[in-house]
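Both counts, for ligands and for their atoms, begin at 1 and track the order of listing.
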Amino acid sequence: MRIFVTGASGWIGSAVVPELIGAGHQVLGLARSDASAAAIAAMGAEVLRGDLNNLDSLSVGAARSDGVIHLAFIHDFSQLEASINADARAIETMGAALEGSGKPLVIASGTPALPGNVATERDTPAPGGPLAGRGTNARTALGMAAHGVRSSIVRLPRTVHGKGDRHGFIAVMIDIARKQGVSGYVGDGSNRWPAVHVLDAAHLFRLAIEQAPAGSVLHAIGDEGVPVGDIASVIGRHLKMTTASFPPEHFGFLGAILAIDQPASSVHTRELLGWQPIQPGLVADLDKGHYFA
Ligand SMILES: NC(=O)c1ccc[n+]([C@@H]2O[C@H](COP(=O)([O-])OP(=O)(O)OC[C@H]3O[C@@H](n4cnc5c(N)ncnc54)[C@H](OP(=O)(O)O)[C@@H]3O)[C@@H](O)[C@H]2O)c1
């Protein structure tokens with residue numbers, strides 16, 4: 001297949017593109033800068049210059065492909081509503097370009113947080129909260145299944161880890177520990193944090209574009225829930241620091257997220273697509289040391 005990938009130059013995109021090319025697909029990657037274009041070309045993909053805010057470029061990319069994987073997102077948390085609105089317009093535009101074709105559209109989303117419960121593919125995100133709009137965008141994509149698009153969503157956990165992760169939440173936790181001289185967690189440390197290795201996530205995006213039935217909700221979950229206190233312990237061990245509990249404010253924007261128990265499972269995804277995470281789990285990956293080099 002020839003697959004249009006938005007966000008091809010990003011953290012997850014940089015794993016998805018080689019995964020697709022390695023399986024014999026061609027990739028057309030959206031690039032908004034020379035640097036992103038060079039990174040996409042270096043992976044062996046064709047480049048389409050454009051932007052999430054340039055809807056024509058998204059239409060062209062989708063129309064020139066056999067399917068779309070949408071990973072781009074404007075991660076400016078100071079203007080989250082604008083980012084979510086841009087995401088909505090992008091999904092609607094690419095969905096319209098694929099309408100009636102039966103071609104796949106796979107978009108990235110996040111697992112729901114259901115404190116005290118393990119979120120499954122059958123759960124829907126609770127209404128409200130700053131990220132509710134992303135759930136709405138995911139529903140928009142799934143609704144395109146009724147219009148001849150083989151749409152599916154891949155819900156990612158809070159942490160997509162691996163070598164080279166420089167800005168994910170685990171990297172932020174490590175950065176805060178380095179600055180404060182102590183490795184922190186929230187509450188008693190028992191809140192569970194779901195995770196997946198970036199290479200396992202990339203494999204799931206490939207299976208989704210190849211096989212996911214229209215309207216599928218998929219969970220890219222390797223670790224169902226690692227207690228935040230265990231994450232703090234392994235960080236403390238590598239940085240040779242003690243661990244301690246702090247109020248959420250200690251962690252800036254991350255605090256509110258660390259304070260929520262939010263395990264998630266991928267049982268249905270594994271059954272549906274035969275996906276099996278094979279990479280190290282979060283603690284084992286942290287123990288490899290590359291986050292601390
Ligand atoms: N990483 C995680 O732990 C995680 C967890 C849950 C959900 N997700 C979701 O998974 C998706 C991919 O995440 P990621 O970690 O790979 O993100 P990332 O590393 O921040 O990459 C974002 C991608 O979007 C592109 N982009 C940003 N603004 C754009 C614009 N205006 N026009 C076109 N492209 C634009 C970036 O291009 P440039 O290279 O030019 O900047 C980059 O390729 C996102 O939807 C994210 O919210 C990620």
Side-chain angles (χ1 to χ4, degrees), residues 4-19 27-43 45 47-58 60-61 68-77 79-80 82-91 93-94 106-113 119 125 130-131 133-135 137-138 141 153-173 193-202 204-205 208 218-223 226 231 254 257-258 262 264 282 285 291:
F4 179 44
V5 181
T6 74
S9 53
W11 166 236
I12 297 170
S14 299
V16 168
V17 172
E19 168 76 27
V27 173
L28 177 63
L30 182 73
R32 59 173 172 157
S33 68
D34 290 344
S36 302
I40 292 168
M43 291 186 277
V47 173
L48 178 71
R49 290 302 292 253
D51 194 288
L52 282 178
N53 292 315
N54 173 349
L55 298 180
D56 283 347
S57 65
L58 303 180
V60 167
V68 175
I69 296 180
H70 174 48
L71 300 169
F73 192 80
I74 304 167
H75 283 126
D76 178 354
F77 291 102
Q79 300 190 46
L80 193 53
S83 299
I84 289 172
N85 289 340
D87 188 45
R89 287 191 297 273
I91 292 167
T93 300
M94 294 186 288
V106 182
I107 75 157
S109 195
T111 51
L131 288 171
R134 291 209 73 176
N137 293 352
I153 62 172
V154 174
R155 288 175 176 167
L156 295 153
R158 302 301 164 269
T159 286
V160 181
H161 57 91
K163 195 168 182 192
D165 172 17
R166 291 285 167 264
H167 63 254
F169 290 161
I170 290 298
V172 174
M173 257 182 103
W193 187 258
V196 71
H197 194 284
V198 70
L199 297 179
D200 286 325
L204 180 58
F205 275 100
L218 306 165
H219 273 194
I221 298 294
D223 286 310
V226 184
I231 301 172
L254 188 57
I257 307 170
L258 281 173
Q262 46 193 313
L282 177 56
D285 201 22
Y291 273 94

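At least one N/O-N/O distance between S36 and ligand 1 falls below 3.5 Å. Ligand 1 has a nitrogen or oxygen under 3.5 angstrom from a nitrogen or oxygen of V160. Looking at T159 next to ligand 1, no N or O pair under 3.5 Å apart turns up. The shortest N/O to N/O separation between L156 and ligand 1 does not fall below 3.5 Å. On a distance-only criterion, R32 and ligand 1 share at least one N/O pair closer than 3.5 Å. The shortest N or O to N or O distance between G10 and ligand 1 is below 3.5 Å. For the pair P157 and ligand 1, the shortest N or O to N or O distance does not fall below 3.5 Å. Between S9 and ligand 1, at least one N/O pair is under 3.5 Å apart.
Scanning all protein heavy atoms for the shortest distance to atom 31 (N) of ligand 1 gives D51 OD1, 3.1 Å. Atom 22 (C) of ligand 1 has F73 O, 4.0 Å as its closest protein atom, hydrogens excluded (heavy atom only). Nearest non-hydrogen protein atom to atom 12 (C) of ligand 1 is L71 O, 3.2 Å. Of the protein's non-hydrogen atoms, the one nearest atom 1 (N) of ligand 1 is W11 CD1, 3.7 Å. For atom 23 (C) of ligand 1, the nearest non-hydrogen atom of the protein is G7 CA, 3.7 Å. Ranking the protein heavy atoms by distance from atom 32 (N) of ligand 1 puts L52 N, 2.9 Å first. Summary of contacts: the protein heavy atom closest to atom 25 (C) of ligand 1 is A72 CB, 3.9 Å.
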Steps toward side chain to side chain donor-acceptor pair (under 3.5 Å) verdict (R32, S57): CA-CA 10 Å; R32 59 173 172 157; S57 65; over 6 Å; no
If you apply the rule side-chain contact (heavy atoms from CB on, under 4.5 Å), what do you find for R49 with D34, and how did you get there? CA-CA 9 Å; R49 290 302 292 253; D34 290 344; 2.8 Å; yes
Please determine whether side-chain contact (heavy atoms from CB on, under 4.5 Å) holds for the pair V198 and H161, giving the CA-CA distance in whole Å, both sets of side-chain angles, and the decisive distance to 0.1 Å. CA-CA 6 Å; V198 70; H161 57 91; over 6 Å; no
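For the ligand labelled ligand 1, residue R158 lies inside the 4.0 Å heavy-atom shell. Residue-ligand proximity: R134 is placed with a non-hydrogen atom under 4.0 Å from ligand 1. The closest approach between a heavy atom of H167 and any atom of ligand 1 is below 4.0 Å.
From I69, atom CD1 reaches atom CD1 of I12 across 11.5 Å, with rounding to the nearest 0.5 Å. Atom OG1 of T111 is separated from atom CG of L218 by 13.0 Å, given to the nearest 0.5 angstrom. Between the CG atom in L52 and the CE atom in M94 there is a gap of 7.5 Å [rounded to 0.5 Å]. The distance from the CD1 atom of I231 to the CG atom of L282 is 5.0 Å, given to the nearest 0.5 Å.
Y291 is not listed as a side-chain neighbour of K163, based on a closest heavy-atom distance of 4.5 Å or more. Between L258 and R158 there is no side-chain heavy-atom pair separated by less than 4.5 Å.
If you check each of V154, T111, I12 against atom 13 (O) of ligand 1, the one with the closest non-hydrogen atom is I12. Of the candidates R155, H70, H75, R49, the one placing a heavy atom closest to atom 46 (C) of ligand 1 is H75.
Not a single donor-acceptor pair under 3.5 Å links the side chain of E19 to the backbone N or O of L204. Between the side chain of D223 and the main chain of W193, no donor-acceptor pair closer than 3.5 Å is present.
Of the listed residues (V5, L71, L58), just one forms a side chain to side chain contact (heavy atoms under 4.5 Å, CB included) with L30, and that residue is L58.
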